[in-house]
Amino acid sequence: MNVLAIDTTNHVLGLALVNNDGTVIGEYITNLKKNHSVRAMPAIEKLMADCDLKPDQLGKIVIATGPGSYTGVRIGVSIAKTMAWALNIPIVGVSSLEGLAASGRYFDGVVCPIFDARRGQVYTGLYQYNEDELECVEEDQNLLFSDWLTNLKARNRPVLFVGQDVNLHKELIVSLLGDLACFGPETMHNPRPSELATLGIKKEATDVHSLVPNYIRLAEAEAKWLEQQK
């Protein structure tokens, strides 16, 4: 079975084709502030052509469902659902934070992926590897980063921070966690779509019509509209 993984949840546009046995057939990653709605489908077509695969040779779609950019999440989920429905193949949603945390495979501690959410807040969760399986320690959430760091400090375990926005908060992280804080190289901060695919291969498929983005929090405009309706 060939699996196509798609991640458009942040600046990184990530695509991967992976065999059911975990072999990475092809991978496409860019880290650019460009419109995913214009670039995603041509990139999928190019990757599949380069790997000599036809759409009817796909057996599953794996999509990063968020959190992240509201627009980016919607673009990826829409593409993935349309392809899965048209090809009549299973679809699996994976947290974009979980996909990012997968890069900490060999870290002896907990892995903390973060996306900046402005005003001192972050999207984050907590993960760890148990042998070769990535486990969720704390569910994905949106909260003040200082509160989250206090929680992590109380655990008294080494924490690996990953994500493109780590540098925005590095000074605060070090000031509160000290030697418990660990930082990977820059190459670790970009989510890998092949890791996303590997996670999705092991997960149960979701009904294509039931799969929805996981924004974690409402967009500000939507929250204001709901408040006005009250």
Rounded to the nearest 0.5 Å, how far apart are [atom1] of [X] and [atom2] of [Y]?
X: K33; Y: N31; atom1: NZ; atom2: CG; answer: 9.5 Å
X: M1; Y: I89; atom1: CE; atom2: CD1; answer: 9.0 Å
X: L134; Y: T198; atom1: CG; atom2: OG1; answer: 11.0 Å
X: R157; Y: Q128; atom1: CZ; atom2: CD; answer: 5.0 Å
X: D147; Y: L152; atom1: CG; atom2: CG; answer: 11.0 Å
X: I114; Y: D165; atom1: CD1; atom2: CG; answer: 6.5 Å

Please confirm whether the backbone N or O of [Y] pairs with a side-chain atom of [X], one donor and one acceptor, at under 3.5 Å?
X: E135; Y: E133; value: no
X: T150; Y: S146; value: yes
X: T30; Y: L32; value: no
X: T9; Y: G72; value: no
X: N19; Y: G22; value: no

Among V3, T23, L47, D50, the one residue meeting side-chain contact (heavy atoms from CB on, under 4.5 Å) with L17:
L47
Test salt bridge (Lys or Arg N to Asp or Glu O under 4.0 Å) applied to E138 and R155, step by step:
CA-CA 12 Å; E138 288 269 1; R155 293 174 180 272; 2.4 Å; yes
With clusters defined by side-chain heavy atoms of hydrophobic residues (ILVMFWY) lying less than 4.5 Å apart, directly or transitively, does [Y] cluster with [X]?
X: I216; Y: L126; value: no
X: L144; Y: V122; value: no
X: I44; Y: L87; value: yes
X: L160; Y: V166; value: no
X: V73; Y: M41; value: yes

Closest non-hydrogen atom pair between [X] and [Y], with its separation:
X: M188; Y: S103; value: CG-OG, 3.3 Å
X: C112; Y: T124; value: SG-OG1, 3.2 Å
X: T8; Y: H36; value: O-CD2, 3.3 Å
X: L180; Y: K153; value: CD1-O, 4.3 Å
X: S194; Y: E27; value: OG-OE2, 2.8 Å
X: Y215; Y: Y70; value: CD2-CD2, 3.4 Å

Atom [atom1] of [X]: over 12 foreign heavy atoms under 6.0 Å:
X: N88; atom1: CG; answer: no
X: D108; atom1: CG; answer: no
X: D179; atom1: CG; answer: no

Would D132 and R105 count as a side chain to side chain contact (heavy atoms under 4.5 Å, CB included) here? Give the steps.
CA-CA 8 Å; D132 199 38; R105 186 180 307 276; 3.1 Å; yes
Between the side chains of K203 and E98, is the shortest nitrogen-to-carboxylate-oxygen separation below 4.0 Å, so that they form an ion pair?
yes
Should the pair D7-R192 be classified as a salt bridge under the 4.0 Å nitrogen-to-oxygen rule?
no
Test I6 against I79 for side chain to side chain contact (heavy atoms under 4.5 Å, CB included), laying out the working first.
CA-CA 9 Å; I6 304 170; I79 290 172; 4.1 Å; yes
Evaluate F115 against S96 for side chain to side chain contact (heavy atoms under 4.5 Å, CB included), listing each step before the verdict.
CA-CA 10 Å; F115 300 143; S96 49; 3.5 Å; yes
Are [X] and [Y] close enough that some pair of their side-chain heavy atoms sits under 4.5 Å apart?
X: V212; Y: N214; result: no
X: V92; Y: T206; result: no
X: L13; Y: K34; result: no
X: I63; Y: L211; result: yes
X: N35; Y: I75; result: yes
X: K170; Y: F161; result: no
X: I29; Y: P193; result: yes
X: Q121; Y: N142; result: yes

Kindly indicate whether a cation-pi arrangement holds for K46 with Y28, taking the cut-offs as under 6.0 Å to the six-membered ring centre and within 45° of the axis.
no
Would you call the rings of F145 and H169 parallel, tilted or perpendicular, taking 30° and 60° as the class edges?
perpendicular
Whether the [X] and [Y] side chains hold a donor-acceptor pair (N or O, under 3.5 Å, no angle test) is what I'd like checked.
X: N2; Y: Q57; value: no
X: Y127; Y: D140; value: yes
X: Q164; Y: N10; value: no

Please determine whether side chain to side chain contact (heavy atoms under 4.5 Å, CB included) holds for the pair N20 and I201, giving the CA-CA distance in whole Å, both sets of side-chain angles, and the decisive distance to 0.1 Å.
CA-CA 7 Å; N20 197 40; I201 287 172; 3.5 Å; yes
Measure from the ring center of F107 to the ring center of Y129 and say whether it is less than 6.0 Å.
no
